[in-house]
There are 2 protein chains.
Amino acid sequence: MQTSQRLDQQQATENRRRELLEAADRVVLRDGPEASMNAIAAEAGITKPILYRHFGDKSGLYRALAKRHTDALLDTLRTALDSRTARRDRVEATLDAYLAAIEARPQVYRFLMHPTEDADAEKDFDTRRYSAPLLRRLGEELAKIIAERLDLGPNSEELARVWGHGIVGMMHGAGDWWLAERPCERAQLVAHLADLLWGRLAAAGDIPGGPGF
Amino acid sequence: MQTSQRLDQQQATENRRRELLEAADRVVLRDGPEASMNAIAAEAGITKPILYRHFGDKSGLYRALAKRHTDALLDTLRTALDSRTARRDRVEATLDAYLAAIEARPQVYRFLMHPTEDADAEKDFDTRRYSAPLLRRLGEELAKIIAERLDLGPNSEELARVWGHGIVGMMHGAGDWWLAERPCERAQLVAHLADLLWGRLAAAGDIPGGPGF
DNA sequence: CACTGCGTGTTACCGTAAGTAACAAGCAGG
DNA sequence: CCTGCTTGTTACTTACGGTAACACGCAGTG
């Protein structure tokens, strides 16, 4: 019975882990990224050392938590990108899906954007590994899709990655501002961003009599 | 002699403030955004309470410090945007100026991008006031310039602001990734991003026999 | 049955960082 | 000399991440 016991045990700890993650989730949903380990432990009805046994340290817990949300968001975005419509419609659907997600759960969004405060960064002012993993993943995924589907001529690999991270950055930057200021409807924002990607900036005329651009 | 004394006094404290800011600058340049108040005070040859008397709290000091760098960066970018060349050249010059700046002083850049950890956020999970002030300012400035110079038809105000923040976000996202991974030369990155803004994404053909996009 | 091993849980602690209270010294001007 | 103001200090509090050490419960084994 040793092996089956070990399996039971493994599953039990995995269930526990899931419970803890869900508790952490609730706290983050309430307090945002500055949720403390103490608060999370309290929400789960236990004390800190147990959290540390399960996740090593704070960034371990946060990584686990972020992975769940990131996976979910990526699924949503992929669905939007995979619909069988015109390219512009799909781009708009994807932008809209992202914006809807951050609009629905701003605290989670803030949590995901939080730089990792990584312990492994230590003393090296290395510039690597400082920004939000979510954005990196989104950028890479988008790059892959672009490279798969678009005929970009030579250098397509590099071009696709730049575009992937650039578009994700655009989405993030505009979304962040929009969420804070709410200057217009979501649909308007989506249309404006798609216009930007569709080259309207390059096509626009100078202001008549203006200083030129 | 009372008034002139008061003026002397005012100027003296202002000089002191400048000295302290320069010390803080050196520490941030060395340690990045996690520079501690103790370390900054030590660098300035004094102790914490004096820093607090001058700047109120940490975010006060950080705001003052960020303002200096943001002003400087904005000046650089404005110069690039104001050159008397073709629109595409000016856009590329601006992107390049931004990227050169973050490449030259990554620690300062990390510091500027750091979310404010604002004390005034307190308990309101308000979503406002959480992201880097630098990006907001860049976005607004760019929006102003776009609105001033481009003929965008109706709704131009709103469109310009969306584009401003969107383009800044794109620049930031791509720059951040590029700085971490260094996948190509700066000039390449600039050209690719300009291509994106010039609508090459919309114009590209599907991969022959691929899944479509 | 006593005994060992292991996973779960606790309390109590350390180090560090933000922020503050309270006090000491230099130096104007009555 | 004494009052008031600025500049500086030391020493504290509070909060948080992280850890050590110890206690309980519960399998399986001699």
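First the proteins, then the strands, lettered A, B, ... as listed; each starts at 1. Predicted model, so just to flag it, every value in this text is computed and none were measured. Scope of the values below: all heavy atoms of this structure, side chains included, with no hydrogens, waters or symmetry mates.
- Over its full length, the helix from C:dC1-D:dG30 to C:dG30-D:dC1 turns its helical axis through 40°, comparing axes from the five pairs at each end and rounding to 10°.
- For the side chain to side chain contact (heavy atoms under 4.5 Å, CB included) test with B:Ile146, the passing option among B:Leu159, B:Val162, B:Leu152 is B:Leu152; the others fail.
- Looking at residues two or more places apart in sequence or on another chain, you find a side-chain contact (heavy atoms from CB on, under 4.5 Å) between A:Ala44 and A:Leu20, A:Ala23, A:Ile46.
- For B:Lys58 and C:dT16, the NZ to P distance is 16 Å, given to the nearest whole Å.
- Atom CG in A:Asp57 sits about 14 Å away from atom C1' in D:dC16, given to the nearest Å.
- A salt bridge between A:Glu140 and A:Arg136 is absent, with no side-chain N of the basic residue lying under 4.0 Å from a carboxylate O of the acidic one.
- Remark: the B:Arg53 side chain and the C:dG19 base include no donor-acceptor N/O pair separated by less than 3.5 Å.
- Atom-to-atom, OH of B:Tyr52 to P of D:dT13 comes out at 17 Å; the value is rounded to the nearest Å.
- Whole-Å rounding puts the A:Asp31 CG to D:dA15 P distance at 15 Å.
- DNA chain D is contacted by A:Ser36, A:Met37, A:Lys48, A:Pro49 of residues 35-50 of chain A, taking any non-hydrogen atom closer than 4.0 Å.
- Ionic pairing of B:Arg137 and B:Asp71 is present here: one or more N-O contacts between side-chain nitrogen and carboxylate oxygen are shorter than 4.0 angstrom.
- Atom CG in A:Leu51 sits roughly 14 Å away from atom C1' in C:dT10 (whole-Å rounding).
- We find that B:Asp25 and B:Arg18 are not joined by a salt bridge, their nearest charged nitrogen and carboxylate oxygen being 4.0 Å or further apart.
- Across the protein-nucleic acid pair, A:Tyr62 atom OH and D:dC16 atom P stand 11 Å apart, rounded to whole Å.
- Going from atom CG of B:Leu61 over to atom P of C:dG19 covers 10 Å, rounded to whole Å.
- Here B:Arg110 does not pair with B:Asp31 in a salt bridge; the nearest charged N to carboxylate O distance is not below 4.0 Å.
- Rounding to whole angstrom units, CZ of residue B:Arg16 and C1' of D:dT7 are separated by 9 Å.
- For the pair A:Arg88 and A:Glu92, the salt-bridge criterion is met [side-chain N within less than 4.0 Å of a carboxylate O].
- In this structure, A:Phe111 has its ring center closer than 6.0 angstrom to the ring center of A:Tyr62.
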The test is salt bridge (Lys or Arg N to Asp or Glu O under 4.0 Å); show your working for A:Glu141 and A:Lys144 and say whether it passes. CA-CA 5 Å; A:Glu141 294 290 330; A:Lys144 213 182 302 174; 3.8 Å; yes
